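All remarks here apply to the structure that follows.
Start at 1 and go down the list; that is how both ligands and their atoms are numbered. Values in this document were obtained by computation on a predicted structure and should not be read as measured data.
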Amino acid sequence: MSKVMFKKILALTGILFAFVPIIHSQSFIPNGKKTSDSVLQDFMDKRFGMFIHWGPVTLRGTELSWSRNHQVPQEEYDSLFREFNPVLFDAESWVKTAKAAGMKYITITAKHHDGFCLWPSRYTSYNIANTPYKKDVIGKLAKACKKYDIRFCIYYTVLDWYHPDYPLHNDGNKTPDSKADMGRFTQYMKNQLKELITTYQPYMLWFDGNWEQPWTQEMAADMYLFIKTIDKNVIVNNRLGKGKHELMDAGTIGDYATPEQKIGQINMNDPWESCITICKQWSWKPNDEMKSLDQCIKTLSKTAGGNGNLLLNVGPMPDGRIEKRQVKRLNGVGDWLRINQQAIYNTKGGPYKPDSLLSSTRSANKIFLHLYSNNNSQLSIPAVPGRSVLKAWFLAGGEVNVHQQENRIALSWKGNMPDPACSIIVLEMNDTVDSVPLIDKQIAGSVATN
Ligand code: JFZ
């Protein structure tokens, strides 16, 4: 081979590799069809939403869908809708609870893996209209959300163990039903999604159940494009494609990552939302162990610190109410947010990388330090390169003394911090900090206790 040829091949390979980053992510969907950055930014600015897992199985208090054919025999499970009569369901009171908690959106299981539909779908009789309750839960919630300016979002699972055309009929069933037909099933999905989008105008579709074998990447890409032809602005989570849930990877189809029951890793590039239960079970369980207020507040703070959203799940009772103790817990988060909201909504995570002592958020020329330990009266953190602190104070009220050295910022204050769960110190900087690179703070040992 001549030298020139060799050089040409080298150059060609270089060009090929240069394209790799462009094709690596979401190559299945053409750029013009994806949800726009401005819509996704609007979503991420909201930071905090309510997840709702609900259905007839709450009559048994076992897990939604997963208890079917396990704790609850399949036939019994599939008959529960005949008794489902949540007469105390009041959509406005759910929405008011979310609002009081400081939540900006609600995502409800319109259809979970058990196949039951909380709206009167034209495409199956296995729906709320055929329960003794009869009324359209999804419709009432969508309406109440609009009234109180909360974004309404719909959880819709792919896998459907009830539908005859979906090849697997319960958890554990691994041999596809030869009478089932994914062609017909994807048409059923399209019919229902079109029905949901045009009837309720959801802000977002939260897919799930993408992991079973009958569902393919091609079906996912086709479904994404179908949705976008109906509403180009509806947001789609990443559980439509076959990629991982917790991050955006080469197999991702969808707009944002969905870590489950854990706080996502800090990520300044890809949007993400952690879904976490307020108790242990997704759907209602009597006396289920509930997270403390301290845990709920820290979870929200750490999620924002990692540049993500928190979708905190509640499971309403079979009579339609959210448990009193859960409402009280959510109110507690709302009380904290009323004081500290500036450090959560419309912020970005960082610039300090989060750890168990501290995380940070930022907006324009402010850095918000979220402090998790209550009995310190001073703190030393690395300086922000090229920036200096003009002044500092607690969002909850209270002075903070600043001593800006060349490489470090030393902060001190009198007494304990204002909030035992998470106190916010605002650092007003001499310039914007939105895009400064992340800072490793190696803070261990630098927080002095009294
Ligand atoms: C899924 C649902 O199955 C669950 O009921 C809940 O709705 C949650 C938000 O999402 O959770 C999962 C996801 C993946 C697996 C199991 C449960 N999995 O891969 O085994």
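Atom 11 (O) of ligand 1 is approached by the protein to below 4.0 angstrom, counting heavy atoms only.
The shortest N or O to N or O distance between W282 and ligand 1 is not below 3.5 Å. Residue E260 has at least one N or O atom closer than 3.5 Å to an N or O atom of ligand 1. Considering backbone and side-chain N/O atoms, H245 never comes within less than 3.5 Å of an N/O atom of ligand 1.
Close contacts between ligand 1 and H113 involve ligand atoms 2 (C), 3 (O) [criterion: under 4.0 Å to a heavy atom]. Close contacts of ligand 1 with W66, meaning ligand atoms under 4.0 Å from a residue heavy atom, involve 2 (C), 3 (O), 4 (C), 5 (O), 16 (C), 17 (C). Within ligand 1, counting atoms from 1 as listed, the ones closer than 4.0 Å to a heavy atom of F51 are 9 (C).
Ring planes of F89 and W94: perpendicular class, angle over 60° (limits at 30 and 60°). Using the six-membered ring where Trp is involved, F185 and Y188 have ring planes that are tilted, between 30° and 60° apart. Between W336 and H370, the two ring planes are tilted [angle within 30° to 60°]. Relative orientation of the Y105 and F43 rings is perpendicular, given thresholds of 30° and 60° on the angle between their planes.
If you look at R239 next to ligand 1, the close heavy atoms, those under 4.0 Å, all belong to the side chain. Looking at E63 against ligand 1, nothing comes within 4.0 Å, counting heavy atoms.
Between F81 and Y126, the gap from one ring centroid to the other is short of 6.0 Å.
Nearest non-hydrogen protein atom to atom 2 (C) of ligand 1 is D208 OD2, 3.1 Å. Looking from atom 18 (N) of ligand 1 to the surrounding protein, the closest heavy atom is W211 CE2, 4.1 Å. Nearest to atom 6 (C) of ligand 1 among the protein's heavy atoms is H53 NE2, 3.4 Å.
Cation-pi geometry between K302 and Y372 is met: the NZ or CZ atom falls under 6.0 Å from the ring centre, inside 45° of the normal.
Classification of D136 and K140 as a salt-bridged pair fails, no side-chain N sitting under 4.0 Å from a carboxylate O.
Of the possible polar contacts, one joining the Y77 side chain to the S65 backbone as a donor-acceptor pair under 3.5 Å is found. With hydrogens and angles disregarded, no donor-acceptor distance shorter than 3.5 Å links the side chain of N127 to the backbone of C117.
Under a 4.0 Å heavy-atom criterion, L64 is not in contact with ligand 1.
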